[in-house]
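Data block below; observations after.
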Amino acid sequence: SRYEDEERTRGIGSDLELWRSRDRGVSWHVVNSAPTTGDCDGALVPDGDHLAVAWTAHNGKSWASAFAQRYDVTQDAWIGEPMLLAGGTGPQDQYFVTDLERTRAGALVAAIGCHASPPGPAWTCAWSTGLSWLSPGAAAWTPVAQANVSSYGCCGNLAARGELVDVTY
């Protein structure tokens, strides 16, 4: 993405772009950009014939939230509307996507970092990693569950092996 500045939750003027190479990385071109505004920090995984994409966006507000949506690679178009995974409410209550994985059965799992003062009950401390799960065929993601037990674990990475999903933070 193109950043307005370097801080993770200050991407108000940024635009998350989807790029593609058809020649093994010799050249790249933009095929689309995220449907929200002020978006950055994207993660994507193959999802059947589509891509699943999760990202951070301000979407007209002064604080960041986490979103997800499927993308049709044959039509180069977003499917449906962006789904809000974790919604920020102010300068100290902001969220950002750090990773996305897909299980063998097709569940999607998003790793979401939080800012300085997220409200409970999902968050017990600042700068943490939370996880949200979308079961195959489900319309809604699970509420965010905090992964770490103390602060400063806010940039989680995921690995799916079959139906087992591991996280580091």
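We use all heavy atoms of the structure for the numbers below, so side chains are in, but hydrogens, waters and symmetry mates are not. In this text, all values refer to a predicted model and were calculated from it rather than measured experimentally.
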If you take all heavy atoms of [X] and [Y], which pair is closest and at what distance?
X      : Y      : result
Pro35  : Trp78  : CD-CE2, 3.6 Å
Val97  : Ala54  : CG1-CB, 3.8 Å
Asp47  : Gly106 : OD1-O, 4.5 Å
Gly156 : Ala111 : O-CB, 3.8 Å
Ala126 : Pro118 : CA-CD, 4.1 Å
Ser14  : Cys40  : OG-CB, 3.7 Å

Will you find, in the side chains of [X] and [Y], an N or O donor that is under 3.5 Å from an N or O acceptor?
X      : Y      : answer
Gln94  : Ser65  : no
Trp55  : Thr36  : yes
Asp23  : Ser21  : yes
Asn148 : Ser128 : yes

So [Y] and [X], do their side chains get closer than 4.5 Å, heavy atoms only?
X      : Y      : answer
Arg161 : Arg104 : no
Gln146 : Thr124 : yes
Gln69  : Val53  : no
His115 : Trp127 : yes
Asn32  : Tyr71  : yes
Lys61  : Thr89  : no
Leu108 : Trp141 : yes
Asp99  : Tyr169 : no

Report task. Start with the C-alpha gap between Trp63 and His58, add the side-chain angles, then the distance that decides, and say whether ring pair (Phe, Tyr, Trp, His ring centres under 6.0 Å) holds. Result -> CA-CA 6 Å; Trp63 48 84; His58 285 79; 8.8 Å; no
Hey, quick one: are [X] and [Y] part of the same hydrophobic cluster, counting side-chain heavy atoms closer than 4.5 Å, chains of contacts allowed?
X      : Y      : value
Leu16  : Phe67  : yes
Leu85  : Leu100 : yes
Val26  : Trp28  : no
Trp133 : Val45  : no
Leu44  : Leu84  : yes

At what distance, to the nearest 0.5 angstrom, does [atom1] of [X] lie from [atom2] of [Y]?
X      : Y      : atom1 : atom2 : result
Ser33  : Leu18  : OG    : CG    : 9.0 Å
Trp123 : Tyr95  : CH2   : OH    : 6.5 Å
Arg70  : Leu51  : CZ    : CG    : 11.0 Å
Leu158 : Leu131 : CG    : CG    : 6.0 Å
Asp15  : Asp39  : CG    : CG    : 5.5 Å
Ile112 : Cys155 : CD1   : SG    : 13.0 Å

Where the side chain of [X] meets the backbone of [Y], is there a donor-acceptor pair that is under 3.5 Å apart?
X      : Y      : answer
Thr37  : Gly60  : yes
Asp72  : Gln75  : yes
Ser132 : Ala110 : no

Report task. State whether the number of non-hydrogen atoms from other residues, nucleotides or ligands found under 6.0 Å of Asp166 atom CG is greater than 12. Result ->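 Above 12, so yes.
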Query raised in the report: Quick check: are there more than 12 heavy atoms from other residues, nucleotides or ligands sitting under 6.0 Å from CD of Glu81?
Result: no
Query raised in the report: Does the pair Arg20 and Val73 meet the rule for a side chain to side chain contact (heavy atoms under 4.5 Å, CB included), with working shown?
Result: CA-CA 10 Å; Arg20 183 175 299 137; Val73 295; 3.9 Å; yes
